[in-house]
Amino acid sequence: MNIYVLMKRTFDTEEKITISSGKINEDGAEFIINPYDEYAIEEAIQVRDAHGGEVTVVSVGTEEAEKQLRTALAMGADKAVLINTEDDVEEGDQFTTSKILAEFLKDKEVDLIIGGNVAIDGGSGQVGPRVAELLAIPYITTITKLDIEGTTATVVRDVEGDSEVIETSLPLLVTAQQGLNEPRYPSLPGIMKAKKKPLDEIELDDLDLDEDDVEAKTKTIEISLPPKKEAGKVLEGELEDQVKELVGLLHNEAKVV
Ligand SMILES: Cc1cc2nc3c(=O)[nH]c(=O)nc-3n(C[C@H](O)[C@H](O)[C@H](O)COP(=O)(O)OP(=O)(O)OC[C@H]3O[C@@H](n4cnc5c(N)ncnc54)[C@H](O)[C@@H]3O)c2cc1C
């Protein structure tokens, strides 16, 4: 089975994020595999181990994404591909990324593509479905279970806390939701082996694309941090007085009653 994983390098939102001139400061930020893509990598490895085949992890970005691709190889993926856009694209959006990924995948013999449900930075959840649309294959988002029998896939997807069971056929693109599996940590032998696994680097030219073909359809006007949380208020005194004060605050300050 030919399995492809779409992997984004993102900054770690657990770390402090600062913004200057409308951009997130990359200096001092920690970069990681998008957490939902870790579920995607783990699932791909488990499907390969159960059904045979190969896992290729693909990322669109700069050569800095090599580190996260090596981590994916150390987890157990077989191959990695970096589509390096550094010299060709300055500003990109979800259209840019999806178009590049779809061009890369279109002449491959793909059985299964697994992406993350959402990137924790850009957070649009668009790339997976867009790639599937461009490849004209079925897709199912936010999956929490995947079973494959021959060319039939039975998928459980999370629908705001409820579950939906869907049966479809391969080739298929799915996006991983939390709970799909427990991603493994790369083992020491895995890290050693990863150094020898293939990590290919290609550019837009290799995909017969030029800058105009992938020009962003959207423009980010502004990025800002959420407003600082104000300190909470603790009410004191007799219970009856507290209730009166609370109702007053809800009415006059929060304006919700
Ligand atoms: C060349 C280039 C230039 C860019 N320039 C800018 C810029 O100037 N300003 C700016 O704010 N953003 C820029 N971006 C980032 C871009 O706007 C989005 O962050 C990116 O397209 C993904 O969208 P998202 O974060 O909403 O991901 P989502 O759609 O939420 O991601 C869902 C899933 O899609 C897959 N995926 C997403 N991105 C990638 C990727 N790069 N490679 C492989 N798989 C992926 C992963 O599986 C991920 O879990 C650029 C991107 C590219 C490729």
Side-chain angles (χ1 to χ4, degrees), residues 3-13 17 19-26 29 31-44 55-69 71-72 77 80-105 112-135 139-143 173-178 180 183 199-205 207 209-224:
I3 309 162
Y4 286 84
V5 177
L6 313 179
M7 189 213 78
K8 184 178 184 186
R9 168 186 182 263
T10 60
F11 50 80
D12 190 348
T13 48
I17 288 167
I19 292 181
S20 60
S21 316
K23 293 217 165 183
I24 290 159
N25 279 327
E26 297 213 342
F31 285 88
I32 55 170
I33 295 176
N34 179 43
Y36 291 98
D37 303 354
E38 287 186 347
Y39 298 118
I41 297 164
E42 176 63 38
E43 196 64 17
V55 175
T56 306
V57 182
V58 193
S59 196
V60 180
T62 63
E63 68 178 17
E64 275 139 0
E66 274 182 19
K67 187 174 171 215
Q68 285 71 34
L69 286 169
T71 304
V81 178
L82 169 65
I83 308 175
N84 193 335
T85 51
E86 197 156 20
D87 296 335
D88 301 312
V89 191
E90 226 176 88
E91 301 246 330
D93 65 1
Q94 289 76 9
F95 166 78
T96 312
T97 310
S98 316
K99 174 85 181 163
I100 296 170
L101 287 168
E103 278 306 302
F104 170 77
L105 290 161
L112 182 65
I113 303 170
I114 315 182
N117 149 43
V118 72
I120 58 165
D121 52 359
S124 69
Q126 286 189 24
V127 170
R130 276 177 177 272
V131 170
E133 283 289 333
L134 289 167
L135 295 174
Y139 66 88
I140 304 174
T141 55
T142 57
I143 74 157
L173 184 147
V174 291
T175 69
Q177 170 68 307
Q178 191 174 10
L180 177 62
L199 194 164
D200 292 339
E201 194 174 316
I202 60 172
E203 295 186 2
L204 287 198
D205 234 13
L207 299 173
L209 287 174
D210 62 34
E211 217 181 307
D212 292 344
D213 297 322
V214 299
E215 193 186 336
K217 304 270 190 207
T218 56
K219 192 169 163 53
T220 302
I221 309 290
E222 197 187 327
I223 295 180
S224 57

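Just so it is clear, the structure is predicted and the values come from calculations on it, not from any experiment. Order of appearance sets the numbers: ligands from 1, and atoms from 1 within every ligand.
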J.: Using side-chain heavy atoms (C-beta onward) and a distance below 4.5 Å, is Tyr139 in contact with Thr175?
T.: no
J.: Going by heavy atoms in the side chains, are Ile120 and Tyr36 under 4.5 Å from each other?
T.: yes
J.: For ligand 1, which atoms have a heavy atom of Ser59 less than 4.0 angstrom away?
T.: 42 (N), 43 (C)
J.: What's the spacing between Leu6 CG and Thr97 OG1 if we round to 0.5 Å?
T.: 10.5 Å
J.: Can you confirm, on distance only, whether ligand 1 has an N/O atom lying under 3.5 Å from any N/O atom belonging to Ile223?
T.: no
J.: Numbering the atoms of ligand 1 from 1, which are under 4.0 Å from a heavy atom of Val58?
T.: 43 (C)
J.: Where the closest heavy atom to atom 15 (C) of ligand 1 is concerned, which of Gly92, Gly61, Ala119, Ala40 has it?
T.: Gly92
J.: Closer than 4.0 Å to some heavy atom of Met7 - which atoms of ligand 1 meet that?
T.: 42 (N), 43 (C), 44 (N)
J.: Between ligand 1 and Ile100, is the shortest N or O to N or O distance under 3.5 Å?
T.: no
J.: Is it the side chain (CB and beyond), the backbone, both or neither of Val118 that lies under 4.0 Å from ligand 1, heavy atoms counted?
T.: both
J.: Of Gly128, Gly122, Gly116, Ala216, which has the heavy atom at the shortest distance from atom 33 (C) of ligand 1?
T.: Gly116
J.: For ligand 1 and Thr97, I'd like to know whether there is a polar contact (N/O to N/O, distance under 3.5 Å).
T.: yes
J.: When you measure from the side chain of Asn34 to the backbone N and O of Thr10, does any donor-acceptor pair fall under 3.5 Å?
T.: no
J.: What protein heavy atom sits nearest atom 19 (O) of ligand 1, and how far off is it?
T.: Lys8 NZ, 2.7 Å
J.: Output yes when the distance from some N or O of ligand 1 to some N or O of Asp93 is under 3.5 Å, and no in every other case.
T.: yes
J.: What is the nearest protein non-hydrogen atom to atom 11 (O) of ligand 1, stated with its residue, atom name and distance?
T.: Thr220 OG1, 4.2 Å
J.: As an exercise, identify every atom of ligand 1 less than 4.0 angstrom from a heavy atom of Asn34.
T.: 48 (C), 49 (O)
J.: Less than 3.5 Å apart, any donor N or O on the side chain of Ser20 or Asn25 sitting next to an acceptor on the other?
T.: yes
J.: Does the side chain of Asp121 reach to within under 4.5 Å of the side chain of Lys8, using non-hydrogen atoms?
T.: yes
J.: Within the supplied structure, the quantity of interest is the number of heavy atoms (other residues, nucleotides, ligands) at a distance under 6.0 Å from Glu201 CD; does it exceed 12?
T.: yes
J.: Got the closest protein heavy atom to atom 26 (O) of ligand 1, with its distance?
T.: Ser124 OG, 2.5 Å
J.: Out of curiosity, Ile33 CD1 to Thr71 OG1, how far, rounded to the nearest 0.5 Å?
T.: 5.0 Å
J.: Relative to ligand 1, is Glu90 under 4.0 angstrom through side chain, backbone, both or neither, heavy atoms considered?
T.: backbone
J.: Just to confirm my output: which protein heavy-atom neighbour is closest to atom 42 (N) of ligand 1, and how far is it?
T.: Val60 N, 2.9 Å
J.: What's the spacing between Leu69 CG and Lys67 NZ if we round to 0.5 Å?
T.: 12.0 Å
J.: Going by the order shown, which atoms of ligand 1 are within less than 4.0 Å of some heavy atom of Gln94?
T.: 21 (O), 23 (O), 24 (P), 26 (O)
J.: I'd like to check whether Gly115 has a polar contact with ligand 1, where a contact means an N/O of the residue lying under 3.5 Å from an N/O of the ligand.
T.: no
J.: Mind checking whether Asp213 and Glu103 have side chains closer than 4.5 Å, heavy atoms only?
T.: no
J.: How long is the span from the OG1 atom in Thr62 to the CZ atom in Arg9, to the nearest 0.5 Å?
T.: 5.5 Å
J.: Nearest protein heavy atom to atom 36 (N) of ligand 1, by residue and atom, and its distance?
T.: Val127 CG1, 3.8 Å
J.: Output the distance between atom OH (Tyr39) and atom CD (Gln178), rounded to the nearest 0.5 Å.
T.: 4.0 Å
J.: Do Glu63 and Asn84 pass the side chain to side chain contact (heavy atoms under 4.5 Å, CB included) test, and can you show the C-alpha distance, the side-chain angles, and the key distance before you say yes or no?
T.: CA-CA 6 Å; Glu63 68 178 17; Asn84 193 335; 4.0 Å; yes
J.: Under 4.0 Å from any heavy atom of Gly125, which atoms of ligand 1 are there?
T.: 28 (P), 29 (O), 30 (O)
J.: List every atom of ligand 1 that sits less than 4.0 Å from any heavy atom of Glu91, numbering the atoms from 1 in the order shown and giving each element.
T.: 3 (C), 5 (N), 8 (O)
J.: What protein heavy atom is closest to atom 49 (O) of ligand 1, reported as residue, atom name and distance in Å?
T.: Asp37 OD1, 2.4 Å
J.: Is Thr96 close to ligand 1, meaning an N/O of one under 3.5 Å from an N/O of the other?
T.: no
J.: Which of the atoms in ligand 1, numbered in the order shown and given with their element, are less than 4.0 Å from a heavy-atom of Val89?
T.: 1 (C)
J.: Got a protein heavy atom sitting under 4.0 Å from atom 28 (P) of ligand 1?
T.: yes
J.: What is the distance from atom OG1 of Thr96 to atom CD of Gln94, rounded to the nearest 0.5 Å?
T.: 8.0 Å
J.: Please check whether Thr85 reaches ligand 1 - meaning an N/O of the residue sits under 3.5 Å from an N/O of the ligand, judged on distance alone.
T.: no
J.: So which heavy atom on Met7 is nearest to which on Ile41, and how close?
T.: CG-CD1, 4.4 Å
